[in-house]
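What you see below is based on every heavy atom in this structure, not just the backbone, and it leaves out hydrogens, waters and symmetry mates. Throughout, a chain's letter reflects where its sequence line sits, starting with A, and its residues are numbered from 1.
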Amino acid sequence: MPPEPDVKQPLLEVKGLVKHFHVGGGILGSPGGTVRAIDGIDFTIRRGETLGLVGESGCGKTTTGRCILRLEQPTGGRIVFEGRDITALGEVELRSVRRRMQVIFQDPYSSLNPRMSIGEILAEPLQVHGIVKDKAKRADRVRELLEQVGLLPRHAERYPHQLSGGQRQRVGIARALAMEPSLIICDEPVSALDVSIQAQIINLLEDLQARYHLTYLFIAHDLSVVRHISDRVAVMYLGKMVELADRQALYENPLHPYTRALLSAVPIPDPRMEARRERMVLRGEVPSPLNPPTGCVFHPRCPVAVGRCSAEIPPLREIKPGHWAACHLA
Amino acid sequence: MAFYILKRLLAMIPTMLGVAVLIFLLLRVVPGDAVEARYLGEGGQYQSQELMQMERKKLGLDQPLWKQFVTWMAGLARLDFGLSMWTGAPISEEIELRFALSLQLAIMASTLATLLAIPLGILAAIKQDTWIDYAVRVFSIAGLAMPSFWLGILMILSMLIFFKWLPPMVFTPLWVNPWENLAQLIWPALAVGYRYSAVGTRMMRSSMLEVLREDYIRTARAKGLWLKLILSRHAVKNAILPVLTIISLEFAFLLGGLVVTEQVFNLNGLGMLFVEAIARRDYTLTQALVMLVATFFLIVNFVVDIAYAWLDPRIRYR
Amino acid sequence: MVLDCPPLMPTLLEVQELKTTFTTAAGLVRAVDGVSWEVNEGETVALVGESGCGKSVSALSIMRLVAPPTGRIESGRILYKGRDLLALTEPEMQRVRGREIAMVFQEPMTSLNPVLTIGRQLTEGLEIHMHMDPPAARVRAIELLGMVGIPDPERRLAQYPHQFSGGMRQRMMIAMALACNPSLILADEPTTALDVTIQAQILELMQSLSRKLGVAMLIITHNLGVVARYADRVNVMYAGRIIERASAEELYANPRHPYTLGLLRSVPRLDEPRRARLDPIEGQPPDLTRLPQGCSFTPRCAFKVRRCDEQAPELAAAGPGGHVSACWESTRLTKQDAA
Amino acid sequence: MRQFRSLFALLAIAGLALPATVQSQQPRYGGELVFPVPSEPPSYDGHREETFGLIHPFAPFYNTLLRVDPNDPSGTKPVPSLAESWTVSKDGLTYTFKLHKGVKFHDGSDMTSRDVKASYDKIIFPPPGVGSTRKGQYAVVQAVEAPDASTVVFKLKWASASFLAGLASPWNFIYKADILAKEPNWYEKNIMGTGPFTFIEHVKGSHVVGKKFAGYWDKGKPYLEGFRAIFMRDSAAQVAAVRGERAHIQFRSFTSKDRDNLKAALGDKITVQESDWDCILMVGVNHKKKPFDDKRVRRALTLALDRHAGSKALSQIAIVKAVAGVQVPGTPFATPPAELNKLAGYGTDINKSRAEAKRLLKEAGVPEGFSFTFSNRGIPMPYEPLGVWMIDQWRQIGLNVKHNVIESRAYFPFIRKGEAEVHMDFQCGYIVEPDLDMYKFLSTSRNPANYGYYEDPVLDQLYDKQSRATNLEERKAAIRAFEKRLLDEEAHYLMTLQWNRIIPHSSKVKGWTITPSHYLNNTLDTVWLTE
């Protein structure tokens, strides 16, 4: 059992994170450009909490996860993990950091080597990082990990294609757990799963968090799932953070029009309620991050935008204690 | 577009420079030089050191390596490949005719390969696991299993035995006498083209099968399109890209790589010249040939990229 | 209640005892195992279930697009306007596809041919089914793109799918489906690949167009929320069979099958207070090559009785408005039971 | 007389009609002779090049001062060519040649003694920057003089038995003096001679075309309208060309198998001429490497070879045949078989030889199973079969030999380093002449191309003796003594088997006689086609 963590201390601090991708021009000579995947975001995750990160595809939420994991080199800003600035660490130093910071992917199938048995997949990091050096003890540890994620010891002999989607995601979780991390970045961990299985995995993640005092960054597009699992929720739009608040505050009293639109778009499995509900259907599509709008990036689709919105970038302000929003009108 | 082409062409320079340095050094690692190869060649008769030194001086082989390299590079920059160390003739003259033959043969063989591979591959894919598919498979595996020079020998022998006829032995450029020219080159083109079609056929088949499983083919069927239209409009253009790559690279390879086939058909092509140049330690000629083939590879690659863009709009606009 | 009345519109499509199988290395997969359902003219019907339950295969079977040689329609009848589609010749069937019944697929990314222009893909159906000449087809194509809300349609015709966003592509798919004025659109997970805000746009669009043009729709989805708002009637599928059918309102109010109930309970809902824990359906979906003798849901069922293992229940009346359920205990279930 | 006998023997082998009908046939004019050439020369200069690839296509453009009798199958008899007659001074030091009158170059100018002098001066006394590869063979020449337009005089430093043969060398094309004066290397890239054919074109890697020279001095010749030499590396392609009747003849050689195939396919349309070939592979033994400094060991190596059995077996699969000493069998200076068989390793009782070999090895203190490396050249025919054969022969006297095959072009540079223990060496003459054939074996100090690395003054003296002998019998005796010392007593070098030249050609080709050298008899002035 790991020691009881100090809850007040932030485990991860992200300050002014920027990630730009340069894209080359096409063959026909269209000019290249810079994709502003993340355009200056700040947030912290406290020990033991779950921060939900929501937004539509292309908003930068997955890139944020990859930057924290240092799978991408940030263009700017700082990432402080367990009190250490990891923004510029070299490969060797990163190795120890990576043990403490694990990831669970959306598609467990493509992240598992099809030629390795589940037992081998789980034993490999234990061996490579020298966590469990003895072979027999490693097998014990693999069994233990399988049990922790609700699989049976006999699953160790199976290969990824012999498992169902839910079981594969359990293996993905076990692999992350094997390193005894403090932070797990869950990148859309349930969106590829069937509805009836999603709940199993969410429950499992919650159980594990309680048992091992894990901290989660939970990246997802499904607002109902995020509401269920997160303590605080951050909403991203086009590389910017538009709102950040406690779960309850955000869902009951969203301050940003984009958050409101998102919430209203979520269908509710109750026809009567759906019939009564006010729908706020957004116009248009998410603009290209190659060429983001001026001012507030949301203004072209915003139902309440005023003149100022197209001219001036709204900063992320703390409107109420602990409730931040980037909107001139909030 | 012009900018892109310019950029790509400029990007070739460092590659070519690398190739140049590499081949320059590699050649000089091999023991012996053109003078030794010439005067200790046939019977090991000894020639006086004086004569050998004189010859070396004539060829510039007495110069330090870096000077030889600089001289060569300076020539290249003016597109002057220099003189062959073996014959003393300008290299452009040595290569010219052989290049015409090799280029024509490569074009003919690649064309034949393409003409065989694409319809056969499509046929095998749409008749997957039927006897037609198996027949195509046997045909193409036979092509792979038989080296083209061996097929060439078979062809020559059968022509000799059954028709008492042999293709012309001397290359006539196409524009001089097309009939003579084709009478000589069609056979090696068939032998080589058949062999290279095999890879293309397999590739076309699997690529086609892959495309036929794509969602947009299902969409096309759901629209009520019939098979021929689906194949011609929706599938072939998508499936052809990998085949195009393979055949194009084969084309560049064919240009300088058909040593044995050239021997069998007595073709005066670049392949034999290449081998002889190496054996004779004809540095200048070998270097020029390597540069030529490397340039061709780069150009073919470039053309393939352009063709990709033409066939696949996703690349064009990216 | 209105829904107690018999349907006012005549039946458009009637699927009877359809069985579709796939031969795989693991054995024979009974993807669709004797299902019957119908769609009336102008109606929107939903087919709900998890992946592998047979809902997509049902739609492909109607179009006769189940890929041979592995896939095979074993038996059953598919009556469209009284004609059995399974008895048609392939050329006759080609005249049905796209003209009478059109399809909208799940993945707008991969379901459009990347190397053909939007215009080409939109007009080809018009040319073959409506015998339009290219200029006429082009005019119609522009009209269609405008109808599905794609701005600047004339310019868009010359573009390629990759130049369209996901939502735009799905609009294009819908335009393609609508091109030849079909009577029925089969929409296979039409919004699954899209972002929430775009999902809403597309669903609204489909609903309004189907109402305006009087097109019947079959929406295939795994998302109960999607169906709630847009479907008139809902069929719930599990392991190749329909296990419950009712009007949308009735189904959500009074689910009469433990699986339907489980699905509704297992998703977190924004309209309800946050629960401490979710109530998942335990276990895994069944292996379709080795279905149990009795009810396929038994191994995961919280309400199972002895009989469930022995005999598979048939659909039986379970509520008003044609509400049927295939569960021995259906009458015993109420929504509150599971809580 | 012996020469005639062997000519008849050849005619019989070739399946030709009786000599009577040969005589009855009148040469026919016209036609183009087509022949494949397996090798292409780097330049056109006969004074510089060493490959038959130059002789076959380019010799018809030139004449030499003397030539080897084109009708003599021994290939040893110098006869007039540009020189119509000559006298030799009593002391053998002055040779005076009278030139034919009315000889014209292809550019129409007259050929005079100036041109002969200029050509020989280029060969023997090349100016700086001019390559002459056979300069050393004319060390005997003091000076070349041209006292009048039709007289050429060679002054020698000492009497030489082989001098006339040297002037019949097929390489020594007579060039035009004016051209040489302007540009000594002109003939490397250009062609202009007095030969029976004029140069039309040479397409690199492809072919050479020549056309009858109307102004040829030897009236009535040539018979051919022209010729076409086609460069063809692959022997299968050459055979196919003859078989497909696209080519008449290949002047180098085919294998016995090719001969049989051609004969079987074309029957009477093919005429076969065969001869021993003045080429031989021999084994160099490095005297600087122990234990090969011991002549007993070297003798054991040659004693181990069963040459007579080897001749029977290897002639089936390789281009070798006759058991030979230092001269091609059947030529004037060759040792008769009965006497040759007395040399070590030439005996008919192989068991006796091998016993002797083992005894010698024991005596020399070479242990049973002694190992050494045999370096061989990476040419399949006939190097490889001969190498394999010898290694097997040596194994039978208890030697364990490693076969080290080296790429063809890298081979002699490697051998010249002097590191090889035992290696394959090669020699091929353009004319059968003891001076040329035996020069190879002189002490390394005299001939650096002797890769046995030995000094043997006795042997050198025997060479000089035969070279300067004025009397035929005296020369023969000296050659015999040289051969015995080289191959038997000292066993400096081991001879393998003489190559065998096989020319199956179209029966349409007449007027061409095989000789032991594939460098000879390619002027094509006497050749004609029946149709």
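Aromatic ring pairs are classed by plane angle as parallel below 30°, tilted from 30° to 60° and perpendicular above 60°; the pair B:Tyr196 and B:Phe253 is tilted.
The number of heavy-atom neighbours closer than 6.0 Å to CD of C:Glu154, taken from other residues, nucleotides and ligands shown, is 12 or below. More than 12 heavy atoms of other residues, nucleotides or ligands lie within 6.0 Å of CH2 in C:Trp37, so this atom counts as buried by the packing criterion.
No donor-acceptor pair under 3.5 Å is formed between the side chain of C:Arg77 and the backbone N or O of C:Asp84.
Residues of residues 108-128 of chain B never come closer than 4.5 Å to chain C when only heavy atoms are counted.
In terms of heavy-atom pairs under 4.5 Å with chain B, the best-connected choice from C:Ile101, C:Leu65, C:Asn113, C:Leu112 is C:Asn113. Between chain B and the residues C:Cys180, C:Ser111, C:Pro182, the largest count of heavy-atom pairs under 4.5 Å involves C:Ser111. In terms of heavy-atom pairs under 4.5 angstrom with chain B, the leader among C:Arg99, C:Arg120, C:Met63, C:Gln159 is C:Arg120.
With a 4.5 angstrom heavy-atom cutoff, B:Arg213 does not touch chain C via any of its atoms. Residue C:Leu60 touches chain B through its side chain alone, counting heavy-atom pairs closer than 4.5 Å. Proximity to chain B is absent for every atom of C:Gln106, based on heavy atoms less than 4.5 angstrom apart. Residue contact with chain B, scored on non-hydrogen atoms closer than 4.5 Å, is absent for C:Met93. Neither the backbone nor the side chain of B:Ile217 comes within contact range of chain C; no heavy atom of the residue lies under 4.5 Å from a heavy atom of that chain. Looking at C:Arg95, there are no atoms closer than 4.5 Å to chain B (heavy atoms on both sides), in backbone or side chain. Neither the backbone nor the side chain of C:Met109 comes within contact range of chain B; no heavy atoms are under 4.5 Å apart. Heavy-atom distances place both the backbone and the side chain of C:Gln121 under 4.5 Å from chain B.
By the 4.0 Å N-to-carboxylate-O rule, C:Arg97 lies close enough to C:Glu90 to be salt-bridged with it. Between C:Arg140 and C:Glu127, none of the side-chain N atoms (NZ, or NE/NH1/NH2) sits under 4.0 Å from a carboxylate O, so this pair counts as no salt bridge.
C:Asn235 and C:Val45 make their closest contact through ND2-CG1, 3.3 Å (heavy atoms, listed as atom of the first residue, atom of the second, distance). In this structure, C:Arg83 and C:Val96 approach most closely via the heavy-atom pair NH2-CG2, 3.8 Å.
Ring centroid separation for the pair C:Phe105 and B:Tyr216 does not come in under the 6.0 Å cut-off.
For the pair C:Phe164 and C:Ile150, the minimum side-chain heavy-atom distance is below 4.5 Å.
The structure places CE of C:Met237 at 4.0 Å from OG of C:Ser58, a figure rounded to the nearest 0.5 Å.
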